[in-house]
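Take a look at the structure set out below.
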Amino acid sequence: QVQLVESGGGLVQPGGSLRLSCAASGSIFSINVMGWYRQAPGKQREWVADISTSGIRNYAVSVKGRFTISRDNAKNTVDLQMNSLKPEDTAVYYCYAEGRNKYWGQGTQVTVSS
């Protein structure tokens with residue numbers, strides 16, 4: 001199995017930045033894609049970004065140009081640098097790793113408010 005541990009959430013002002021991190025452990029050799037989802041209260045879970053082992057990145061339109069996903073294959077970590085944050089970015093952010101199965105982190109709260 002794969003275990004994912006997230007960190008970096010918190011409260012930031014609009015226009016501010018946060019960096020989320022997710023560390024994977026376990027059967028990590030089976031993982032090909034890692035990424036992030038988010039879920040705001042009362043809304044469906046929304047895909048945010050992903051990155052392959054080769055470094056190919058994909059972003060949701062809502063975050064493209066503001067968020068940057070990165071991956072360190074040697075350390076088995078994936079980060080999400082979030083800049084120019086907006087109140088609508090407020091959500092619980094979940095990292096995931098996809099291989100034979102899809103594994104999820106515990107989630108970390110991001111709140112963007114004045």
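The basis for the numbers below is simple: all heavy atoms, side chains too, and nothing from hydrogens, waters or symmetry mates.
- No more than 12 heavy atoms of other residues, nucleotides or ligands shown are found within 6.0 angstrom of CD on Q13.
- Of the N and O atoms on the side chains of E46 and S62, at least one donor lies less than 3.5 Å from an acceptor on the other residue.
- The 12-atom threshold is exceeded at CD of E88, counting heavy atoms of other residues, nucleotides or ligands nearer than 6.0 Å.
- In terms of hydrophobic clustering, with Ile, Leu, Val, Met, Phe, Trp and Tyr side chains grouped at heavy-atom distances under 4.5 Å, V92 and V48 are assigned to different clusters.
- Pairing each heavy atom of I31 with each of A97, the nearest pair is CD1-CB, 3.6 Å.
- Taking the side-chain hydrogen bond (donor to acceptor under 3.5 Å, both in side chains) definition, one finds that S54 meets it with S52, sequence neighbours left out.
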Could you give me the CA-CA distance, side-chain angles and deciding distance for W47 and V63, then say whether side-chain contact (heavy atoms from CB on, under 4.5 Å) is met? CA-CA 10 Å; W47 173 80; V63 306; over 6 Å; no
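- For N73 (side chain) and T53 (main-chain N/O), a donor-acceptor pair under 3.5 Å exists by modelled atom type.
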Please walk me through it: do V110 and L20 pass side-chain contact (heavy atoms from CB on, under 4.5 Å)? CA-CA 9 Å; V110 173; L20 306 182; 4.0 Å; yes
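- Residue R19 holds its CZ atom at 4.5 Å from OG of S70, rounded to the nearest 0.5 Å.
- Within 6.0 Å of atom NZ in K75, 12 or fewer heavy atoms from other residues, nucleotides or ligands are found, so the atom counts as exposed in its surroundings.
- A donor-acceptor pair is defined here as one N or O able to donate and one able to accept, closer than 3.5 Å; such a pair exists between the side chain of R57 and the backbone of I69.
- Within the 3.5 Å criterion, the main-chain N or O of G9 finds a donor-acceptor partner in the side chain of T108.
- Contact between A49 and L80 at its shortest, heavy atoms only, is CB-CD1, 4.5 Å.
- Checking D72 against T77 by side-chain atom types alone, no donor-acceptor pair falls below 3.5 Å.
- Remark: side-chain polar atoms of T111 are not paired, donor with acceptor, to backbone N or O of T90 under 3.5 angstrom.
- When every heavy atom of V5 is checked against every heavy atom of Q106, the shortest pair comes out as CA-OE1, 3.7 Å.
- Summarising the geometry of Q39 relative to K43, their closest heavy-atom pair is NE2-O, 3.1 Å, with the distance given to 0.1 Å.
- Under the 4.5 Å side-chain criterion, counting only non-hydrogen atoms from C-beta, P14 is in contact with S114.
- Among residues at least two apart or in separate chains, ring pair (Phe, Tyr, Trp, His ring centres under 6.0 Å) pairs with a member in residues 82-103 are Y37-Y96, Y96-W104.
- The two residues D89 and R38 have their closest heavy-atom pair at OD1-NH1, 2.9 Å.
- Of all the heavy atoms in V2 and I28, the pair that sits closest is CG2-N, 4.5 Å.
- A distance-only check finds a donor-acceptor pair linking the side chain of R66 to the backbone of S84 [under 3.5 Å].
- Counting only heavy atoms from C-beta outward, the side chains of M34 and E98 never approach each other to under 4.5 Å.
- Neither side chain, D79 nor Q81, offers a donor N or O lying under 3.5 Å from an acceptor on the other.
- Each of L18, V112, T68 was scored for a side chain to side chain contact (heavy atoms under 4.5 Å, CB included) with M82, with one residue passing: L18.
- Both W36 and V12 are members of a single hydrophobic cluster when ILVMFWY side chains are connected at heavy-atom separations under 4.5 Å.
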